[in-house]
Protein chains: 2
Amino acid sequence: MEKPATIKDIAKRLNISLSTVSRALRNASDVNPDTKKAVMALSEELNYQPNKLALSLRQKQTHTIGVIVPNLDYVLSLMVRGIDEVALEAGFTVMVCQSNESFGREILNTRRLLESLVDGFIISVSSESKSFDHFKKIQERNLPVVVFDRVTPHLTAPSVRIDNEEGGFVATEHLIEQGYRRIAVLAGPENLGVSNSRMDGYLNALKKHKIKKDPALIVHCDFNQDYAYFATLELLAMKKRPDAIFTISDRMAIGAMLAIKKKGLRMPEDIGLVGFNNEPVTSLVTPSISSVDMPSFELGKVAAKLFIETMHNKENMDHEEKVLKPKLIIRESSQKLPIKK
Amino acid sequence: MEKPATIKDIAKRLNISLSTVSRALRNASDVNPDTKKAVMALSEELNYQPNKLALSLRQKQTHTIGVIVPNLDYVLSLMVRGIDEVALEAGFTVMVCQSNESFGREILNTRRLLESLVDGFIISVSSESKSFDHFKKIQERNLPVVVFDRVTPHLTAPSVRIDNEEGGFVATEHLIEQGYRRIAVLAGPENLGVSNSRMDGYLNALKKHKIKKDPALIVHCDFNQDYAYFATLELLAMKKRPDAIFTISDRMAIGAMLAIKKKGLRMPEDIGLVGFNNEPVTSLVTPSISSVDMPSFELGKVAAKLFIETMHNKENMDHEEKVLKPKLIIRESSQKLPIKK
DNA sequence: TTTAATTCCGGCAACGTTACCGGCAACCAT
DNA sequence: ATGGTTGCCGGTAACGTTGCCGGAATTAAA
């Protein structure tokens with residue numbers, strides 16, 4: 001039990017060749033039932049476990065998927081769990097690397113995973129990334145790549161995401177229906193697709209309800225509670241301050257909430273607030289915060305399924321694009337009118 | 001750029017032997033400076049990356065640490081980040097597996113990591129685990145093991161943890177100093193060492209201040225918000241209800257808070273509340289919740305350092321035991337008296 | 001009885017790497 | 001010149017596994 005048993009040990013003990021043992025252990029064809037039984041019995045007894053390294057080296061497959069994410073916040077860790085579940089089921093191991101939203105780390109992680117000889121990648125791009133050469137290098141090696149959540153047009157690969165535009169739309173329309181008219185939006189970095197799509201939804205809702213867009217009410221800031229806090233303070237200091245805020249993440253919604261409280265304003269009476277992601281904390285704070293829920297776990301599962309499909313099908317699936325629907329959860333922070341019967 | 005370059009490719013192109021290339025690439029001794037330069041140049045050009053699989057197979061080391069955790073909540077993910085940071089620095093990759101507090105999964109994960117030929121383990125045991133044979137199997141293979149956070153006397157291995165007794169003590173003493181007298185404790189499962197130590201601290205504080213222990217005020221329940229919610233409701237329904245609650249985790253504190261609010265009681269006036277872990281959410285809810293902070297990130301770093309030390313030193317470090325100090329963070333939920341000058 | 005088919009098995013090479021050993025020069029000191 | 005040292009290099013085996021090929025033994029078919 002000291003050193004793990006190998007095929008060689010079994011062969012020696014049974015006085016048969018390595019090849020026979022190897023075949024007995026998997027194919028089972030081309031091998032006498034009796035010897036097969038003997039091999040099985042002994043391998044059981046010695047607690048034989050095939051050496052993964054040797055196997056991978058031989059057949060040039062590690063059965064490992066490299067997953068690159070910008071961070072592991074609530075939503076992304078749910079997605080990763082979804083990926084994990086499906087991947088495990090299919091016999092894959094996943095290696096998760098966080099880029100911490102940093103472009104440099106993203107490149108480094110890609111390199112590392114490539115060195116580890118993963119069989120392919122499932123990627124959510126960092127908000128900082130403007131170049132995508134490191135990902136293209138993966139594709140040059142003919143390794144399958146799937147992009148999820150944070151997709152980008154600069155990378156042609158199968159993708160899964162939620163309908164962010166729809167999410168932005170329902171959040172904004174809900175605020176309008178509640179009677180809010182000067183609706184501000186706290187968006188993320190300017191080059192982040194996810195953020196822009198949600199903003200598009202916001203703009204569409206305004207247009208549909210004939211509310212004029214006010215550039216002063218559109219604020220880009222970092223994806224971060226503190227930045228959102230200060231941005232909100234500035235918004236509230238305007239002469240004609242907004243009467244509602246839609247933030248494209250719950251982290252930012254929390255920052256906004258703190259700023260609103262700091263100013264002594266009440267939600268939903270003085271000001272409405274809707275976030276995005278439906279993190280558990282939104283239901284715990286006072287007042288509870290309305291938020292757009294997304295099927296994160298499911299999205300992860302779909303990403304992994306898509307990956308496996310891509311891996312097996314030689315055909316080009318680069319233009320496969322799955323889109324899941326978000327859902328608005330209404331809570332106290334935006335519920336100004338009594339609930340209709 | 002299709003297939004990764006190997007040592008063989010370099011050797012062929014330079015008309016020298018594999019061995020020479022191999023030596024040139026690392027030892028640098030026993031090889032002519034000129035050939036070395038040539039090898040380096042070509043390896044750069046071909047973008048040569050040593051094949052980790054072959055390397056590991058050869059030298060029977062994967063430079064990988066298996067990390068087993070019961071879950072990835074706020075505290076544990078911080079610890080894992082600490083582990084990761086130190087491990088990476090030392091040239092190790094970490095593979096993290098969650099057991100979801102399940103004994104079966106823990107065994108499965110151990111097996112999986114063992115199959116992946118990790119060089120050793122850093123473990124925080126699941127709350128469900130009562131047997132530790134699967135961990136002992138690791139030690140039989142002479143692989144280094146370090147236990148962190150959730151330690152257990154049933155496993156002799158170097159360990160890192162915080163002083164849970166101290167944590168329970170300061171939390172309870174703080175409540176006593178604020179004037180609370182009937183202090184209940186919401187503890188975790190009965191066999192969980194961490195929980196019991198915190199309870200011991202609670203008991204010590206009572207004893208020091210000559211408050212009689214009341215078994216009715218000691219409640220064991222699952223490590224979980226919902227259970228804590230219902231347990232608190234029951235506590236509050238007592239004829240002589242407690243005037244303060246100490247929960248051994250913040251998750252449980254949140255559950256308790258919801259129950260207290262549900263009953264229409266005020267914090268800190270009617271009832272005091274102190275949690276454990278200092279999760280960010282404790283400062284966001286209303287009222288904000290006092291909590292015992294632990295140096296999680298640091299603890300993870302220490303665990304990894306201890307692992308590396310254990311790996312290198314042949315000497316028996318099994319009785320090395322590091323203990324870090326927790327710190328009480330006082331917030332609204334327990335601040336009944338005005339702050340002293 | 002010969003031929004053909006079937007069943008079962010062992011040998012060899014290969015995946016990419018390094019450890020070890022031995023050998024050929026060239027140099028130095030005797 | 002002899003012997004010993006040093007610098008540099010190549011060959012071989014090994015890590016644990018599997019794929020391919022060929023061959024022996026047995027059975028079936030002609």
Side-chain angles (χ1 to χ4, degrees), chain A residues 2-40 42-43 46-64 91 114-119 141-143, chain B residues 2-40 42-43 46-64 91 114-119 141-143:
Chain A
E2 179 75 16
K3 288 291 154 198
T6 73
I7 280 195
K8 204 188 280 184
D9 299 327
I10 300 182
K12 225 174 268 173
R13 288 263 295 254
L14 292 179
N15 255 329
I16 55 180
S17 77
L18 298 186
S19 334
T20 307
V21 177
S22 172
R23 254 167 296 156
L25 285 171
R26 80 211 121 83
N27 260 345
S29 99
D30 239 35
V31 49
N32 187 302
D34 289 345
T35 44
K36 196 176 117 187
K37 231 173 274 176
V39 169
M40 288 302 191
L42 187 56
S43 87
L46 296 183
N47 193 16
Y48 168 76
Q49 307 238 346
N51 183 312
K52 275 199 182 175
L53 255 39
L55 240 152
S56 300
L57 181 60
R58 183 71 234 270
Q59 54 203 28
K60 292 175 171 279
Q61 272 209 44
T62 53
H63 299 283
T64 300
L114 229 30
E115 270 178 32
S116 298
L117 302 168
V118 296
D119 292 341
R141 288 215 182 163
N142 267 332
L143 295 180
Chain B
E2 179 74 17
K3 289 291 154 196
T6 73
I7 280 195
K8 203 188 283 184
D9 299 327
I10 300 183
K12 226 174 268 173
R13 288 263 295 254
L14 292 179
N15 255 329
I16 55 179
S17 76
L18 298 184
S19 333
T20 307
V21 177
S22 173
R23 255 168 296 156
L25 285 171
R26 78 212 123 80
N27 261 344
S29 100
D30 242 33
V31 49
N32 187 302
D34 288 345
T35 44
K36 195 175 118 188
K37 231 174 275 175
V39 168
M40 287 305 191
L42 188 56
S43 85
L46 296 184
N47 193 17
Y48 168 76
Q49 307 239 343
N51 183 313
K52 275 199 179 173
L53 256 37
L55 242 152
S56 300
L57 181 61
R58 182 70 233 269
Q59 55 201 27
K60 292 174 170 282
Q61 272 209 48
T62 53
H63 299 284
T64 301
L114 229 29
E115 271 178 31
S116 298
L117 301 168
V118 296
D119 291 342
R141 287 215 183 160
N142 266 332
L143 295 180

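Below, read A as the first sequence line, B as the second, and so on, with proteins coming before strands; counting in each chain starts at 1.
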Work out which heavy atom in A/Leu55 is nearest to a heavy atom in A/Pro50; give both atom names and the distance. CD1-CB, 3.9 Å

Where the side chain of A/Pro50 is defined as all heavy atoms beyond and including C-beta, which of C/dC8, D/dT17, D/dC9 is the nearest nucleotide? D/dT17

Nearest-angstrom distance from the residue atom CG of A/Asp9 to C1' of D/dC15: 13 Å

Nucleotide C/dC15, atom C1' - distance to CG of B/Leu55 in whole Å: 13 Å

Considering only side-chain heavy atoms of A/Thr6, which listed nucleotide, C/dC8, C/dT17, D/dT17, is closest? D/dT17

Distance, rounded to the nearest Å, where A/Lys36 contributes NZ and C/dC8 contributes C1': 14 Å

Let me know, please, whether B/Leu53 or A/Asn32 comes out on the 5' side of the other along DNA chain C by nearest nucleotide. A/Asn32

Does anything in residues 17-39 of chain A pair up under salt bridge (charged side-chain N to carboxylate O under 4.0 Å, His left out), and if so which pairs, sequence neighbours excluded? none

Could you list the protein-to-nucleotides 10-13 of chain C atom pairs, N/O on both sides, closer than 3.5 Å?
| unit_1 | atom_1 | unit_2 | atom_2 | d |
| --- | --- | --- | --- | --- |
| C/dG10 | OP2 | A/Ser17 | N | 2.8 |
| C/dG10 | OP2 | A/Ser17 | OG | 2.9 |
| C/dG10 | OP2 | A/Thr20 | OG1 | 2.5 |
| C/dG10 | N7 | A/Arg23 | NH2 | 3.0 |
| C/dG10 | O6 | A/Arg23 | NH2 | 3.3 |
| C/dG11 | N7 | A/Ser19 | OG | 3.1 |
| C/dG11 | O6 | A/Ser19 | OG | 2.9 |

Given atom CD of A/Glu115 and atom C1' of C/dT17, what is their separation to the nearest angstrom? 15 Å

So which heavy atom on A/Asp119 is nearest to which on A/Leu143, and how close? O-CD2, 3.7 Å

Closest to the B/Asn51 side chain: C/dC15, D/dT17, C/dT17? C/dT17

In whole angstroms, how far is the P atom of D/dC8 from the CG atom of B/Leu14? 17 Å

So, is A/Lys8 near the phosphate of D/dC15, with a side-chain N or O under 4.0 Å from OP1 or OP2? yes

Looking only at heavy atoms, what is the nearest atom pair of B/Pro4 and B/Asp9, with distance? O-OD2, 4.3 Å

Least distance between heavy atoms, A/Leu42 atom then A/Arg13 atom: CD1-NH2, 3.4 Å

Which residue, A/Leu25 or B/Leu57, contacts DNA chain D at a nucleotide closer to its 5' end, judged by nearest heavy atom? B/Leu57

Starting at the 5' end of nucleotides 22-27 of chain D, put B wherever the base has a protein heavy atom under 4.0 Å, S where only the sugar-phosphate does, and a dash everywhere else. ------

Is there a side-chain contact between B/Lys60 and the phosphate of D/dG16, meaning an N or O under 4.0 Å from OP1 or OP2? yes

Should B/Asn51 and A/Glu115 count as side-chain neighbours, where that means a heavy-atom distance under 4.5 Å? no

Distance, rounded to the nearest Å, where A/Gln59 contributes CD and C/dG16 contributes P: 14 Å

Flag side-chain contact, heavy atom, 4.5 Å: B/Val39 against B/Val31: no

Phosphate-side-chain proximity, A/Thr35 and C/dC9, N/O vs OP1/OP2 below 4.0 Å: yes

A/Ile7 and A/Tyr48: which non-hydrogen atoms are nearest, and at how many Å? CG1-OH, 3.3 Å

Nearest atoms (heavy-atom pairs only) where B/Lys52 meets A/Ser116: NZ-OG, 3.8 Å

Select base, sugar-phosphate, or nothing to describe what A/Ile7 touches, counting heavy atoms under 4.0 Å on all strands. sugar-phosphate

Just by modelled atom types, is the B/Leu117 backbone N or O under 3.5 Å from a matching donor or acceptor in the B/Thr62 side chain? yes

